[in-house]
Amino acid sequence: MGASALGSVDASIEVYATAAAALLDGLGLDRANVIGHHTGGVIAIELAARHPLRVDRLVLSSTPYVDAAARARRANRAPIDSVEMAGDGSHLAEWWRRRQSFYPVDRPDILQRFVHDAIAAREVEEGHLAVGRYRMEEAIGLVHAPTLCIGASADPYAFPELEPLSSRIAGATTTVIEGGTVGLLEHKSAEVANAVVGFLLGTA
């Protein structure tokens with residue numbers, strides 16, 4: 001959510017992947033199964049492409065495919081999470097309004113969790129901008145780890161990307177979680193867990 005300090009380094013998927021590899025080093029892990037959701041999935045692709053011997057299995061949840069056409073679309077897209085602070089706190093309501101349609105109407109707790117994380121983050125929009133600059137088409141062919149691509153059927157941003165993404169990763173399998181939204185991991189946590197565990201154990 002952008003709460004990690006970047007110092008003077010500009011946000012980029014490559015910088016985030018370098019940080020993820022450094023985390024593995026810090027934990028003393030030579031290899032790991034890696035799961036990424038939305039922007040995290042894009043970072044996971046770069047990690048798996050750059051460090052193929054360190055990623056055993058890869059799970060990409062609601063992960064967009066970013067090529068030249070996607071970069072052009074994103075360049076003209078209005079910012080989602082960039083709101084100007086207002087003294088009366090109305091910017092928080094604006095954040096809520098912009099995000100509300102992406103979350104299940106009966107789970108305002110999920111959207112509240114996002115707003116909480118967004119307030120704590122330095123600049124939430126940086127992650128979106130980093131995705132919009134990323135040249136995924138140059139990295140995705142280097143991903144050789146067994147890969148599961150999870151699609152959330154009610155995610156208007158990422159679900160249309162499921163096939164373009166999975167078709168570019170050799171041997172990738174896909175699963176769709178019906179009714180899943182942008183907040184898939186919180187909204188459909190049991191379904192996601194079952195899909196991931198089945199994939200990791202080779203039973204699904």
Side-chain angles (χ1 to χ4, degrees), residues 1-6 9-17 19 35-46 59-136 149-165 176-192:
M1 293 300 297
S4 300
L6 284 174
V9 180
D10 290 335
S12 72
I13 298 302
E14 293 82 0
V15 166
Y16 294 147
I35 301 173
H37 177 71
H38 265 252
T39 299
V42 180
I43 298 166
I45 287 171
E46 177 66 15
V59 178
L60 303 174
S61 170
S62 296
T63 299
Y65 177 67
V66 187
D67 59 4
R71 287 191 293 275
R73 288 194 303 271
R74 286 171 175 269
N76 297 316
R77 180 187 293 171
I80 299 170
D81 293 315
S82 181
V83 293
E84 186 172 347
M85 185 180 297
D88 63 357
S90 58
H91 62 291
L92 300 178
E94 174 64 12
W95 232 337
W96 188 281
R97 185 193 63 76
R98 290 189 190 184
R99 281 269 177 170
Q100 194 166 22
S101 64
F102 306 147
Y103 294 82
V105 295
D106 60 338
R107 292 292 309 276
D109 58 302
I110 299 176
L111 180 51
Q112 180 168 293
R113 176 176 172 175
F114 163 78
V115 173
H116 175 274
D117 289 343
I119 292 170
R122 186 180 65 169
E123 179 52 70
V124 179
E125 199 66 31
E126 285 184 349
H128 297 155
L129 295 174
V131 171
R133 293 188 291 264
Y134 183 53
R135 303 180 70 84
M136 185 184 288
C149 298
I150 299 175
S153 69
D155 182 334
Y157 285 105
F159 189 62
E161 307 289 325
L162 180 61
E163 192 282 329
L165 178 78
V176 174
I177 297 181
E178 294 296 337
T181 60
V182 169
L184 176 66
L185 303 186
E186 296 88 358
H187 181 205
K188 300 283 186 177
S189 55
E191 292 92 333
V192 173

At what distance, to the nearest 0.5 angstrom, does [atom1] of [X] lie from [atom2] of [Y]?
X    : Y    : atom1 : atom2 : value
D155 : H38  : CG    : NE2   : 3.5 Å
E186 : H37  : CD    : NE2   : 7.0 Å
H187 : I177 : NE2   : CD1   : 10.5 Å
L185 : I150 : CG    : CD1   : 8.0 Å
F102 : F114 : CZ    : CZ    : 10.0 Å
L60  : E161 : CG    : CD    : 12.5 Å

Worksheet item: Between S61 and L184, is a side-chain contact (heavy atoms from CB on, under 4.5 Å) present by the stated rule, with each step listed?
Response: CA-CA 8 Å; S61 170; L184 176 66; 3.5 Å; yes
Worksheet item: Going through the checks in order, is the side-chain contact (heavy atoms from CB on, under 4.5 Å) test met by Y16 and I13?
Response: CA-CA 5 Å; Y16 294 147; I13 298 302; 4.2 Å; yes
Hey, are the side chains of [X] and [Y] touching, using non-hydrogen atoms and a 4.5 Å cut-off?
X    : Y    : answer
R71  : Y134 : no
L165 : I45  : yes
T181 : R107 : no

If you take all heavy atoms of [X] and [Y], which pair is closest and at what distance?
X    : Y    : value
S62  : A158 : O-CB, 3.2 Å
S90  : A86  : OG-CB, 3.4 Å
G179 : S153 : N-OG, 2.6 Å

Taking distance alone, no hydrogens or angles, what donor-acceptor pairs closer than 3.5 Å link side-chain atoms of residues 74-82 to residues at least two apart or in another chain?
residue	atom	partner	partner atom	Å
N76	ND2	A72	O	3.3
D81	OD1	W95	NE1	3.3
D81	OD1	R99	NE	3.0
D81	OD2	R99	NH2	2.6

Practice prompt. State, without any angle test, whether E94 and H91 hold a side-chain donor-acceptor pair at a distance under 3.5 Å.
Written response: no
Worksheet item: Side chain of T63, backbone of V42: donor and acceptor closer than 3.5 Å?
Response: no
Item to complete: Determine, stepwise, if the pair I119 / L92 fulfils side-chain contact (heavy atoms from CB on, under 4.5 Å).
Response: CA-CA 9 Å; I119 292 170; L92 300 178; 3.8 Å; yes
